[in-house]
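Here is the structure we will look at.
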Amino acid sequence: MLETERMSKITIAVSKIKQKSVIKTLHDLKVLHIVEHRKTEELDIGTPIGNSEKIAELLVKITSILSDSKEAISKEELNNIILAQSIIQNADFSLDEIETKVKEVETVIKEKKESISKIDASVSKKKELILKLDVLNSLYLNLESYKPFKSIICFVGTIKHKEGLKDKLEKVTSTFKLHTSQNCKDLVVALFVDRKKEKEALDVLKQYNFTELDLTFIEEMKGLPLSHITKLNSDIQKHIAEKNAIIKKIETIKSKNIEIMYQYKNFLSIEAEKAEAPLNFGQTKETVIITGWVPSKRVDKITEKLESITNNRIFIEPIAPDKHESVPIKLKNNLIVKPFEFFMNLYTLPKYKEIDPSFFIFLTFPIFFGFMLGDVGYGIVTLLLFLILKRLIPAAKDLLKAMMVCSFWSILFGFIFGEYFGFEYVKSHAWQTIIETLKLPLHKELIEGAKNEIVYEFPRLINRMHGEVNVLGNEINLVLVIGAIIGFFHINLSILLGFINELKGHGLKTAILARASWYVFEAGLALIVLKSLGIITASSYTNYIGIALLVISIVMIYLGEGAQGIIEIPSIFSNTLSYLRLGAVGLASVGLAVVINEKLAMPFMEKGGIFILISILILIVGHGINIALGIIGPFLHAIRLHYVEFFMRFYKGGGKPFKPFGANANNEEESE
Amino acid sequence: MAEAGLIAIGASLAFGLSAIATAIAEKQIGAAAVGAMAEKEELFGKGLILTVIPETIVIFGLVVAILIIGMAG
């Protein structure tokens, strides 16, 4: 529990022929943390096995299909599929099978996409045509009439205005016919004129900012433009329907294949991992050498398994690690403490020889949290909240489990402080009948003041906020004092753990000089304080004993930790005082709750009527905010007390995590 | 009554000023911590701890404020 998992370093030598089956077995066992082989003169780096390039290529293709298909199904379905995938482990496919399927899906989707783009092109062409026909539409002329004749030419287009146009044209020629019509935004003009006067007529038109419409698109079209527009529009509608059908088909293809694609992806990533494993091995011409760390208790099992699979044609030997080699760290805690390993992963893992503090975090973190957020109502709400979140976010399972323990302590301290959503009493007139019929043994008390109210107080062990009901001059200091006392014990525990760590790491002498010296310091200080407070009254006792102890301890600290230790002497006071936050953060939280209840909500509540709704709203929003603060604040302060004040005297950390070959994100659990 | 007012002002100054001091300290540490995290995400835990270290200042401020109010009682 206090130690991390004991590890043994082993080296495995096996013939290349057996390499593949050995890799497979190791991958299934998930107990070997492979140490990367560095190229040396005798031992080259291994080469990937199997078809690793093809696997990588297929993986890329599948990933692109998947990222393309994600919108095809709902998020919920997707989560279900991913969840189901993590359960299926032993799916087996052949690479050819995967390749054919991937190709099939790819080509089908590609074909469909091509036909979609064809439809899009034709639709946009038709839309363009409609725009042009729209211009002609307002003139109400048959399309045939625009065709060029032997002696008459036709200009169609838009002009800015038409004032005096006719007169000017008459000056040029007498044989012309002019049609104008106001389109929605332009003035459309069609001028039929004698071919001989073509140039002059055009010049006149140009004075009116004439923009000519290219009429070649008319070709063989006949009749009024409107009929063509209607037909084109209905064509476009048909195209859109066609396109939607194809899109739907693509979606079905995608959603039908998404599951199998995920299976392929998982399978292939495992295969890729196996295929690339030899890059960490050493190899000679005929053999591969695998070096790695195994939990000591598993060495026999891994040996046995590998021997049976290779018919004893394998060489497995424990080797002594280098002195400075870092051993991979696997925390070893029972089921209850395990969620609290989260805090170690968040900070830094212990070194191999260090104590694993998870157990102490399990002991004190929830108590600190509960002490700060000590409120029955808040405890229950946060407990439910963490329960729901645990369902919703499986990734944060460990943290939320730990937080649920914290909520439990919150409820417990809520009873000790007698606080229920910041209420410490109920008013007599509203609750009298309920309390008397249920015979609740609540303490009756008189609040003196303007109203002289009688209230029923909830039972409590420790006063936090209300004390003798009025806020000023109550026994508010008690929780602060308790905080400091907890701090004193916590820091002394930290010194004790530091002593054990030093004992293991540097021997008894350093342990005594660097850590036990602090106890001597505390003892000397305590003697002086007790004497000066007049608690020790024996006449033969003088302060010199205490002073002597202080001097001895300071010398010891100097010998043990050097000048840095001397500098740290004041920190033992400030660190102990830092635990005052246990009380202070709680006071801030309960203070806010009391303000919400008594200053904001209750005045409205007493007005009655619609104001009751407002006061309920204030209560919900106010306590919602206070609970959010009440989770963040106590969490940070509790964790900080551990990381800073508690860890300072014994914990260094910096261990590298144990990552067994074959354990990926989907599947962290070790097969026992 | 005037005495009580002065005590209240003293308490609020003790708390408010230390809160401002904490905020100034955390501002700089927080910015640096976020910067470090952008480079290396594992530093979240350490960054968080470093950021809340000045929180002690405001706690002491609160304690002093409470002691001042206690004097009034």
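Residue numbering restarts at 1 for every chain, and letters A, B, ... go by the order of the sequence lines. Remember, it's a predicted structure, so these values are computed and weren't measured experimentally.
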### Message
What's the separation between atom CG in B:Leu48 and atom CG in A:Leu636, rounded to the nearest 0.5 Å?
### Response
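Here the interatomic distance stands at 5.0 Å.
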
### Task
Please examine the side chains of B:Lys46 and A:Thr348, heavy atoms only from C-beta on, and report whether any two atoms are closer than 4.5 Å.
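They are in side-chain contact.
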
### Query
Is there a side-chain contact between A:Arg581 and B:Leu62, using heavy atoms and a 4.5 Å cut-off?
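Of all side-chain heavy-atom pairs linking B:Leu62 with A:Arg581, none is under 4.5 Å.
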
### Query
A:Leu346 and B:Phe44: which non-hydrogen atoms are nearest, and at how many Å?
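The pair with the smallest heavy-atom distance is CD1-CD2, 3.5 Å.
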
### Query
For B:Glu26, which residues count as a side-chain hydrogen bond (donor to acceptor under 3.5 Å, both in side chains) partner, sequence neighbours excluded?
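For B:Glu26 there are no side-chain hydrogen bond (donor to acceptor under 3.5 Å, both in side chains) partners, ignoring immediate neighbours.
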
### Message
Checking the side chain of A:Arg640 only, and the main-chain atoms of B:Val52 only, is there a donor and an acceptor separated by less than 3.5 Å?
### Response
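Flag set: sc A:Arg640 to bb B:Val52 pair under 3.5 Å.
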
### Task
Pick one of side chain, backbone, both or neither for B:Ile53, based on which atoms fall under 4.5 Å of a heavy atom in chain A.
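It is both, since atoms from each part get that close.
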
### Message
Within a 6.0 Å radius of atom NZ on A:Lys659, are there more than 12 heavy atoms belonging to other residues, nucleotides or ligands?
### Response
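Counting neighbours around NZ of A:Lys659, 12 or fewer heavy atoms of other residues, nucleotides or ligands fall under 6.0 Å, so no.
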
